[in-house]
Amino acid sequence: MNAKVPDIHISQAQFQPEPDSTSGQALAEIAPAEPSAVRKYLLSLGSSANTDRAFAWLMLLCGLSIFAIVALIAFELVVRSQLSLHKFGLGFFYQVFTDPDTHMQTFWDPVNSYFGARPFIYGTLVSSFLALLMAIPLAVGLAIFLTEMCPKALRGPLAFITELLAAIPSVIYGLWAVFVLVPLLREHVNPLLIKTLGWTGFFDDTNPTGLGYLSAGVILAIMILPIISSLTREVMTAVPHSQREAVLALGATRWEMIRMGVLRNARIGIVGAIILGLGRALGETMAVAMVIGATPEIHRSLLANGSSMATVIANEYAEAISDIHLSALTEIGLALFVVTIIVNALAQVLIWAVTRGTPAQTR
Amino acid sequence: MSSDAFQFRSRMRSFTDRLVTALAILATLIVIAPLVAIFVYLLYMGTSSLNLDFFIKTPVPVGETGGGMANAILGSGILLGVASVIGVPIGIGAGIFLAEFGRGGKLALAIRFTADVLNGVPSIVMGLAAYALIVAPKIPFLPFTGHFSAFSGGVALGFMMIPTVCRTTEEMLLMVPHAVREAALGLGVPNWRSVLSITVKTASPGIITGCMLAFARVAGETAPLIFTVLGNQFWSTNLNQPIAALPLQIYVYAMSPYDDWHRLAWAGSLVLIVLIVLAVSLVRYVTSRGVLKGAS
């Protein structure tokens with residue numbers, strides 16, 4: 001035992017660049033002449049100071065690469081959309097063209113080089129808004145059920161099922177929507193909507209295909225449900241138990257406890273979860289592309305064909321006919337990028353405001 | 001009188017309570033319904049059109065029956081390979097930085113925030129960036145640039161993996177007890193070695209599941225592939241050429257007017273979903289068993 005203690009001291013002294021010579025020598029006299037196997041191995045490795053520094057730098061580089069990727073995306077998109085940015089300016093997002101020959105109004109006509117993003121912005125907003133309208137009550141209801149009411153035995157499987165919903169690729173949602181959801185809406189839901197709510201003007205009987213804003217909204221709602229619900233659940237579990245107990249102790253029923261004790265404390269985080277869901281809905285491409293109808297027009301009727309920002313890129317980019325067409329599509333992509341960055345950043349800040357300070361939740 | 005009003009209020013309150021409970025259960029059922037519908041329909045359509053040909057044959061021209069998606073399965077494998085080579089090391093490295101070197105610092109906070117935001121960037125924008133970076137410019141002496149290629153799609157998918165891998169790696173590393181690090185450093189092990197062979201190794205089951213989660217997420221991505229890998233009807237293993245990919249093929253076939261292709265799309269979806277569900281279940285299983293069994 002005694003022989004080992006100075007042994008370690010010496011090996012440390014040798015690792016240091018400027019060892020204290022006197023104490024090192026004094027200790028060396030006590031140490032046995034033959035170094036132990038462990039010490040030999042450590043000595044053979046040499047100083048690790050440089051390797052350590054290199055490793056730390058390498059890891060820092062990996063971390064910084066995330067900034068680099070965001071910067072790279074922004075840079076490339078700005079460079080590639082220069083043509084359209086210069087030609088149309090800000091008017092790109094709202095202007096309407098009138099064809100000199102036919103006097104028809106048009107927003108988007110690649111053949112004649114008319115490019116305006118208004119119908120796509122409209123389509124994205126309408127389909128996302130419809131999706132949120134349907135998804136928010138369901139997602140919050142599911143989260144309330146899972147965190148506050150559900151028997152423990154059911155909680156795990158139900159949470160797993162909603163997780164699975166989030167893992168299904170969007171192209172499969174699209175496939176299902178094309179062959180199951182759209183026929184269902186076309187045969188049963190749309191006629192009902194036209195009959196009862198046709199007078200509002202939002203449900204016109206002009207589109208027999210069943211594709212359109214409403215179909216896109218429904219499939220989007222199904223897709224963003226699990227995201228909103230799992231984040232809402234996370235925020236609600238972050239509310240301390242003392243809040244619930246305090247409200248219950250005042251004689252509240254369970255719903256009053258949830259409303260006053262949980263939802264009120266978690267409301268900022270729930271708004272964050274909803275905004276995150278909105279971010280997903282804005283950028284969702286494939287499923288929407290398969291059911292929205294892909295026509296660059298604006299209709300008041302929710303049953304009419306439309307197009308969205310992500311959809312038009314997916315549909316036209318590979319077959320774009322001119323540089324200005326590519327550039328205009330890239331500008332739509334740039335707008336989408338900026339909007340989703342802002343929306344996601346806002347959502348993260350709101351969610352952090354609630355979950356900060358609580359230990360990591362097991363999802 | 002006041003007792004009457006009190007009783008009425010009390011009854012109303014318990015009624016509201018029961019109503020809300022019923023509504024919450026209803027919401028849960030409505031959420032689960034589409035999932036069940038999707039899975040049942042997928043199983044029904046998929047199994048009826050899935051056969052051995054699907055796994056060993058390439059697509060046939062329109063009009064002929066039969067054919068499979070063997071080249072698309074291979075193509076997806078290659079794309080995911082390229083994506084993992086790019087995404088996994090960088091993601092794990094960034095996660096190690098966040099958990100081991102930058103803990104509590106402003107830089108780490110900024111990186112974490114950016115990673116979360118990057119996670120929410122639409123996949124189609126990633127595809128645009130990969131197109132602008134690799135497909136569009138023809139840079140002399142640089143391979144893969146100037147045309148549609150498998151490599152460009154792999155890069156887009158790899159970029160999408162980085163934030164997920166980074167964040168799960170960080171979360172898993174934070175769960176490793178400090179005593180483990182201190183024990184390693186106390187033995188005189190250099191820091192880099194302590195991080196790689198002790199901390200990361202302890203958390204490795206969790207990190208691997210995180211990688212698989214990212215893998216499952218990008219396996220089904222279609223949007224970034226449309227104008228980077230473009231699709232291919234034939235066998236191709238060349239990173240420099242357009243390549244087939246399973247989700248892309250499903251999309252093309254689903255939008256086609258041919259019944260035979262629709263059946264292939266369903267079969268392809270079934271294969272894809274089985275792979276993804278397997279990955280997610282594995283993740284669930286490993287995390288529920290306690291990721292860091294060896295450490296504690």
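In what follows, every chain begins at residue 1, and chains take the letters A, B, ... in the order their sequences are listed. The model shown is predicted, which means the values in this text are computed figures rather than measured ones.
Both the backbone and the side chain of B/Y251 come within contact range of chain A, with heavy atoms under 4.5 Å apart. Only the side chain of B/I276 comes within contact range of chain A, judged by heavy atoms closer than 4.5 Å. With a threshold of 4.5 angstrom between heavy atoms, B/V195 approaches chain A through side-chain atoms but not through N, CA, C or O. In this structure, chain A has no heavy atom under 4.5 Å from any part of B/Y253. Neither the backbone nor the side chain of B/A130 comes within less than 4.5 Å of any heavy atom of chain A. In this structure, chain A has a heavy atom under 4.5 Å from the side chain of B/F101, while its backbone stays farther away. Contacts between B/A108 and chain A at a heavy-atom distance below 4.5 Å are absent for every atom of the residue. With a threshold of 4.5 angstrom between heavy atoms, B/A115 approaches chain A through its backbone and through its side chain. Neither the backbone nor the side chain of B/L213 comes within contact range of chain A; no heavy atom of the residue lies under 4.5 Å from a heavy atom of that chain. Residue B/M45: no heavy atom, backbone or side chain, is found under 4.5 Å from chain A. Both the backbone and the side chain of B/I25 come within less than 4.5 Å of a heavy atom of chain A. Within the 4.5 angstrom heavy-atom criterion, no atom of B/T228 approaches chain A. Only the side chain of B/I32 comes within less than 4.5 Å of a heavy atom of chain A; its backbone N, CA, C and O stay farther away.
The greatest number of non-hydrogen atom pairs below 4.5 Å with chain B, out of A/F179, A/F75, A/F337, A/Y173, is found for A/F179. Between chain B and the residues A/A135, A/A56, A/G279, A/S65, the most heavy-atom pairs under 4.5 angstrom are made by A/A56. Comparing A/A54, A/A221, A/G141 by heavy-atom pairs within less than 4.5 Å of chain B, the highest count is held by A/G141. For the set A/Q348, A/R259, A/E284, the count of heavy-atom pairs under 4.5 angstrom toward chain B peaks at A/Q348. Of the listed residues (A/L329, A/L58, A/V140, A/V171), the one with the most heavy-atom contacts under 4.5 Å to chain B is A/V171. Of the listed residues (A/I258, A/L225, A/T330, A/I313), the one with the most heavy-atom contacts under 4.5 Å to chain B is A/I313.
The side-chain contact (heavy atoms from CB on, under 4.5 Å) test with A/P169 singles out one residue from B/I273, B/T222, B/V218, B/L246, and that residue is B/I273.
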Check: Is there a side chain to side chain contact (heavy atoms under 4.5 Å, CB included) between A/I66 and B/I90 once you walk through the steps?
Finding: CA-CA 9 Å; A/I66 290 177; B/I90 296 181; 5.9 Å; no
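Of the possible donor and acceptor atoms, none in the side chain of B/N191 sits under 3.5 Å from a partner among the backbone N and O of A/D52.
When side chains are defined from C-beta on, B/V31 counts as touching A/L165, because their heavy atoms get closer than 4.5 Å.
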